[in-house]
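Below: one structure, written as structure tokens.
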Amino acid sequence: MHGIFSAICAIALSFFCVAVADASAQDVSGFDAAPAPDRERTEASLRAEIARIADVQKNVLVPMRDGVGLSTDIYLPKSRGDAPAPLIWWKTPYNYNPLRRTHMTFLVKALRKGYGFAFQNERGKYYSQGDWEILGRPREDGVDALNWFQDQEWSSGKVGAIGCSSPAEWQLALADENHPALAAIVPMAPGAGIGKVGPYWEQGNWYRGGAQQMFYPPWLYGSLQPTLRPEIPASASQLDRERLAKGYRLAFDAPEVDWDDAIRHLPLNDMLNEIDAPNGTFDDFTAQEPGDPKWRDGGLFFDDGNIDTPALWLFSWFDVSIAPNLALYNHARENDDDPEAADNQFVAVGPNLHCRFYRDNLGTVGDRTFPEPALDYFGMIFDFFDRYLKDDENGFEANTPKVQYYEMGTDAWRSSAEWPPKGVSEKTFFLSSGDAGANSLFGDGLLATTAPESGGVDRYTYDPMNPTPSLGGGICCIGGALDGGIFDQRPVESRNDVLVYTSAPLEDDLVVVGPIDLTLYISSDAPDTDFMVKLVDVHPDGTAHNVDETAQRARWRSGYESDPVFLEKGVVTSITIQPMVTSTRFKKGHRIRLDVTSSNFPRFARNLNTSEPVAEQTEPKVARNAVHYGPQTQSKLTLRIMPGE
């Protein structure tokens, strides 16, 4: 299957768009590129500098309330003398023995600026004691670690947390604890730390619209393996632990898996058994539906809590969780309990893949190469920490926009005081089709700004054993089964089980910025099925580049806290699709396109179209699905657009 995906992706052509000024949002494309020298150095030279400028304590067991010790490497700048130092804290389930280049780059910059730096493993990982669980008890373990850090003789009493992906996700729940030592956080791509925010019931990225996201089995395969490890005796001294760590990394070399094949295994909840992998967390999650209260037993953040500390959020347009992440940022801005924290929330969104921030150029994302430089992320991060960990009156608040985002299609950085930018208006497109129907790009499905005067229906057949393949998009960590980013969608759109609705060529540029809402009137002969949608930018030459995608499982169309509501054969009902999000300039002569189908595999798990729990389904049923339109069944797409566009 990987070969098929590679062949599909090879068809796509990259494009270059000329930057166009936007009167409604400030153009910040003149920002300096991220500094390169430290990243161009060899790892050996970085290690040599660290040894020269840092006092190091390795494998310190920071005590938790239940007696478990978290293995922590602490680096203190020799330049501080006896003066206390603020601490930057990178807590992770991943192995930092030895340090990777990104770790060392952060560390060197921090030490030069007088910060201490702590790398810490979550409980149950590598040299940390205890049993691992996802996010590592962020509230309890986080509070205990902060208490320990602030009590050390070298500590100024102020700690800033930083990390990307899993090393970011525990920060969300800890920020809700309002600990006095936690002065600032920098969560980069923290989507799997979200339980629920706004309309998104992500439950740690396990779900999107009630459909399982399939990067989890490959990720858990690699992340669960290290929990089955030899353990160092609790009586071992710190010196012995440090000596052992030089030779024993406790990093399990998991056998290679062909995820192109393994990810197709049914039932879903048996997938890791099939490859002879430990199941623990996977078993728990596959048994929990989107609204199950058990999700609150772990370390996820829910929007009945708050972000009670200043935060610098770093996101990407082509990441797993960009729409929920931006909803979380807005939630943090609306913190009535702590107005000061609410007023000190900053976000930057680039056109990158997952955790791909630290480059001079934005680089290639699928088949698209972005010509603009990246933001100076390192400079921004350390200016942020200087302001909130050192109380440095450096003008960070005055000089840093609340929101910075890359406008695709224009290829320019924009800034705004809020998200989406003030003054955006709604523009609605209605779905319909002509005599040929909307099936495939060879049909006549239409997006129009006026509602159709008469009703109609577009039908297609969804066979779970011949699913519509994924092609690019916001994805990571899926074991090589899918490449994320921007690709020409025409190979997928040529399928008869994909409904394709396309606007007329635009007479002027249209800047779409903010959430994207979609309501469909649907029917099916199956009790349950999925609806997968994709927003696409169609170029004059026909190239069709994906912008964002999302999913909705029909059984959860009435909400996630009640029992599932199954479809009645042939009965038309409305569903509200989980919102997408973007900042894209659809240029004059381009067309806006919406693709609708019932699978996006392996990006999302296949629904076998039965009323059984999806993770237990083994017997696929072919579903005959339909999208309805007309005066009484207005299937419609609503975009936020910049004024004057």
For D392 and R387, what are the C-alpha separation, side-chain angles and deciding distance, and is it a salt bridge (charged side-chain N to carboxylate O under 4.0 Å, His left out)? CA-CA 5 Å; D392 188 347; R387 173 66 187 89; over 6 Å; no

Does a donor on one side chain and an acceptor on the other come within less than 3.5 Å for [X] and [Y]?
X: W313; Y: Q345; answer: yes
X: Q120; Y: W89; answer: yes
X: R333; Y: Y329; answer: yes
X: N147; Y: H179; answer: yes
X: S71; Y: N121; answer: no
X: R603; Y: S470; answer: no
X: N306; Y: D337; answer: yes
X: H354; Y: S316; answer: no
X: T410; Y: E407; answer: yes

For [X] and [Y], take the angle between the two ring planes, folded into 0 to 90°, and tell me which bin it lands in: parallel under 30, tilted 30 to 60, perpendicular over 60.
X: F346; Y: Y388; answer: tilted
X: F119; Y: F117; answer: tilted
X: F382; Y: F106; answer: tilted

Regarding C164 and C355, I want to know if their SG-SG distance comes in below 2.5 Å, which is how I'm defining a disulfide. yes

Hey, is [X] close enough to [Y] for a salt bridge, meaning N to O under 4.0 Å?
X: D509; Y: K587; value: no
X: R41; Y: E49; value: yes
X: K534; Y: D548; value: no
X: D391; Y: K158; value: yes

Backbone N or O of [Y] within a donor-acceptor pair of the [X] side chain at under 3.5 Å?
X: Y200; Y: P579; result: yes
X: Q578; Y: Q552; result: no
X: K422; Y: V424; result: no
X: W317; Y: Y406; result: yes
X: T364; Y: G366; result: no

Set out, in order, the CA-CA distance, both residues' side-chain angles and the distance that settles salt bridge (charged side-chain N to carboxylate O under 4.0 Å, His left out) for K91 and E122, then state yes or no. CA-CA 7 Å; K91 182 180 175 183; E122 293 176 2; 5.9 Å; no

What are the two closest non-hydrogen atoms of N325 and F315, and how far apart are they? O-CE1, 3.4 Å

What closest approach, in Å, do A118 and T72 show between heavy atoms, and which atom pair accounts for it? CB-CG2, 4.0 Å

Given R368, which of D411, D488, D537 fulfils the salt bridge (Lys or Arg N to Asp or Glu O under 4.0 Å) condition? D411

Are W206 and Q212 close enough, and set up right, to give a side chain to side chain donor-acceptor pair (under 3.5 Å), and what steps lead you there? CA-CA 6 Å; W206 184 262; Q212 287 97 336; 5.7 Å; no

Evaluate E202 against R208 for salt bridge (charged side-chain N to carboxylate O under 4.0 Å, His left out), listing each step before the verdict. CA-CA 6 Å; E202 292 283 284; R208 171 67 53 82; 2.8 Å; yes

Sole candidate of I307, I162, L312, V159 that passes side chain to side chain contact (heavy atoms under 4.5 Å, CB included) when paired with I185: I307

Would you mind telling me which of F302, W201, F285 makes a ring pair (Phe, Tyr, Trp, His ring centres under 6.0 Å) with W295? F285

Determine whether L353 and D319 satisfy the following criterion, side chain to side chain contact (heavy atoms under 4.5 Å, CB included), listing intermediate values before the conclusion. CA-CA 5 Å; L353 295 168; D319 205 349; over 6 Å; no

Check against side chain to side chain donor-acceptor pair (under 3.5 Å), D386 and Y115: CA-CA 9 Å; D386 286 350; Y115 289 99; 2.5 Å; yes

